Protein chains: 2
Amino acid sequence: MTSLPVVNQPVHRCGALLEHLARRLRLRSESVLAPLGLRPRHLVALTVLRDRGGSTQQALASTLEMDGTNVVGLLNDLEAEKLIERRRSPEDRRRHVVELTEAGAKRLAKAEFALAAVEDEVLGALDHDQRETLYSLLQQVATGGMEAACVEVDVCDEAPPC
Amino acid sequence: MTSLPVVNQPVHRCGALLEHLARRLRLRSESVLAPLGLRPRHLVALTVLRDRGGSTQQALASTLEMDGTNVVGLLNDLEAEKLIERRRSPEDRRRHVVELTEAGAKRLAKAEFALAAVEDEVLGALDHDQRETLYSLLQQVATGGMEAACVEVDVCDEAPPC
DNA sequence: CAGATGATTGATGCTACGCAAATGATTAGT
DNA sequence: ACTAATCATTTGCGTAGCATCAATCATCTG
């Protein structure tokens with residue numbers, strides 16, 4: 001755990017950078033998303049739900065790292081517009097399984113399309129390949145953190161490239 | 001502005017992803033930064049000032065994309081702790097030139113050091129090279145956006161792919 | 001001198017977010 | 001079967017960031 005006196009490579013800190021860019025993206029996204037009745041935070045939730053194909057509210061709260069009560073409000077917004085569905089879990093009927101509706105998937109796609117211009121503007125300095133690289137890195141970071149949250153689900157039994 | 005029916009490559013949208021990760025980083029950063037009397041937003045400002053070696057308040061407001069009045073408050077915080085200095089511009093004495101003090105540079109370095117653990121946790125899924133790649137991509141995006149703010153400086157006259 | 005500009009302050013309001021307490025439904029332990 | 005714990009939900013409260021507007025002062029420019 002102590003610092004190995006290896007090479008002392010100048011690892012660049014990208015915290016501030018990330019925050020800065022996220023802000024720029026968010027500011028522009030808000031105005032683009034407003035006509036669709038969505039906010040950036042809704043987009044994030046929808047994206048997670050699509051990528052997972054459904055989730056418990058708790059799991060959602062944990063990956064979004066927000067308070068359970070706030071997740072309720074978030075989902076209420078989305079449910080009011082029929083973008084998601086809450087269904088009781090068959091295993092534990094206290095739980096709600098949240099899933100994207102077809103309308104939700106459509107709206108999400110629409111939003112992403114609308115956001116394309118914004119991203120093009122913000123990421124203008126990157127070419128296509130660089131954007132893909134950035135995407136895969138971010139994806140890896142995001143899902144890397146996810147593993148910890150999925151430990152409880154045990155098995156990838158025979159799953160090939162888990 | 002219409003969609004060119006070119007190749008329709010599946011360009012992945014990383015807006016939501018970026019936002020998600022920025023949030024995770026910010027949540028953790030806040031608690032780490034608190035003992036240092038800083039907030040994430042202060043860090044961003046200090047970083048910009050260091051990278052530029054000083055800036056006008058207006059320029060700062062424009063790159064941070066925040067309202068001028070809010071920048072004032074931000075700088076007041078930093079000045080109260082002697083982390084920055086406001087000096088009147090010799091050319092236009094209405095303007096303030098903001099610069100990092102030595103104490104500011106130290107505090108920034110301290111904060112980044114304290115943040116290293118947080119980043120290691122969040123970026124745990126990436127190895128050293130990947131982090132460097134991520135850093136350089138983000139850096140490129142950030143400084144790429146800067147050019148737009150420098151439009152007033154006219155020209156990319158003969159610049160090839162402007 | 002007159003009007004525009006930069007910095008600053010103060011007031012107002014909105015929104016996000018976390019926290020706590022109460023309720024109803026459901027599951028689990030004994 | 002009774003009791004305790006768990007999950008989702010609601011409501012209310014408090015804090016904080018941030019935008020916006022209006023007013024003021026110093027300074028520059030025509």
Side-chain angles (χ1 to χ4, degrees), chain A residues 16 19-20 22-31 33-34 37-45 49 54-80 84-99 149 152, chain B residues 16 19-20 22-31 33-34 37-45 49 54-80 84-99 149 152:
Chain A
E19 187 138 351
H20 186 183
R23 175 183 166 85
R24 288 175 50 177
L25 207 55
R26 186 169 42 79
L27 286 176
R28 290 162 172 73
S29 300
E30 274 169 357
S31 47
L33 253 33
L38 294 175
R39 292 168 170 285
R41 150 172 42 97
H42 295 132
L43 244 265
V44 175
L49 287 177
S55 164
T56 303
Q57 288 193 197
Q58 279 191 329
L60 199 57
S62 127
T63 68
L64 295 180
E65 305 205 36
M66 51 192 309
D67 194 89
T69 57
N70 295 321
V71 172
V72 172
L74 191 61
L75 294 180
N76 286 347
D77 294 345
L78 297 173
E79 197 178 34
I84 59 152
E85 263 185 17
R86 289 193 244 222
R87 216 170 302 144
R88 305 222 79 115
S89 162
E91 303 131 5
D92 184 343
R93 292 187 39 75
R94 288 171 301 183
R95 288 184 180 164
H96 275 156
V97 174
V98 184
E99 272 182 6
E152 51 176 81
Chain B
E19 188 140 349
H20 186 181
R23 175 184 167 83
R24 287 173 53 175
L25 207 55
R26 185 168 44 79
L27 286 177
R28 290 162 171 74
S29 300
E30 274 169 356
S31 46
L33 254 33
L38 295 175
R39 293 168 169 287
R41 153 170 40 98
H42 295 132
L43 244 266
V44 175
L49 287 176
S55 164
T56 303
Q57 287 193 199
Q58 280 192 328
L60 198 57
S62 127
T63 68
L64 295 180
E65 304 207 36
M66 50 192 308
D67 195 88
T69 55
N70 295 322
V71 173
V72 172
L74 190 61
L75 294 179
N76 285 348
D77 294 346
L78 297 174
E79 196 178 35
I84 60 151
E85 263 185 16
R86 287 195 246 222
R87 214 168 305 144
R88 306 223 78 116
S89 163
E91 302 130 4
D92 184 343
R93 292 186 39 74
R94 287 171 301 182
R95 287 185 180 164
H96 274 157
V97 174
V98 184
E99 272 182 8
E152 48 176 272

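Each chain gets a letter, A, B and so on, in the order the sequences are listed, and its residues count up from 1. What you see is a predicted model; the values in this text were computed from it and never measured. What's counted below: heavy atoms across the whole structure, side chains too, no hydrogens, waters or symmetry copies.
Residue-to-nucleotide proximity on DNA chain D shows that, of B:Ser89 and A:Thr56, the 5′-proximal contact is made by A:Thr56.
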B:Arg24/B:Glu19 under salt bridge (Lys or Arg N to Asp or Glu O under 4.0 Å): CA gap, chis, key distance, verdict: CA-CA 9 Å; B:Arg24 287 173 53 175; B:Glu19 188 140 349; over 6 Å; no
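At least one side-chain heavy atom of B:Leu74 sits under 4.5 Å from a side-chain heavy atom of B:Leu64. Put simply, the side chain of B:Asp67 reaches to within 4.5 Å of the side chain of B:Asn70, judged on heavy atoms. Proximity of A:Arg41 to A:Met66: side-chain heavy atoms (C-beta onward) are separated by under 4.5 Å at one or more points. Taking the side chain as every heavy atom from C-beta outward, B:Leu38 and B:Asp77 never approach each other to under 4.5 Å. Using a 4.5 Å heavy-atom cutoff, the side chains of B:Val97 and B:Ser89 are in contact.
In this structure B:Thr56 satisfies the side chain to side chain contact (heavy atoms under 4.5 Å, CB included) test together with B:Gln58, B:Ala59, B:Arg95, sequence neighbours excluded. The side chain to side chain donor-acceptor pair (under 3.5 Å) check on B:Glu85 picks up B:Arg87, with sequence neighbours excluded. Residues satisfying the side chain to side chain donor-acceptor pair (under 3.5 Å) criterion with B:Glu30, sequence neighbours excluded, are absent altogether.
A:Leu60 and A:Ser55 get closest at one heavy-atom pair: N-OG, 3.5 Å.
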Are there any protein N/O atoms within less than 3.5 Å of an N/O atom in nucleotides 23-26 of chain C, and if so, which ones and at what distance?
{"unit_1": "C:dT26", "atom_1": "OP1", "unit_2": "A:Arg93", "atom_2": "NH2", "d": "3.2"}

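Bounding nucleotides for the chain B contact on DNA chain D, 5' to 3', at a heavy-atom distance below 4.0 Å, are D:dG17 to D:dC28.
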Protein proximity profile, nucleotides 8-20 of chain C - base contact B, sugar-phosphate-only contact S, no contact -, cut-off 4.0 Å on heavy atoms: BB-----SSSBBB
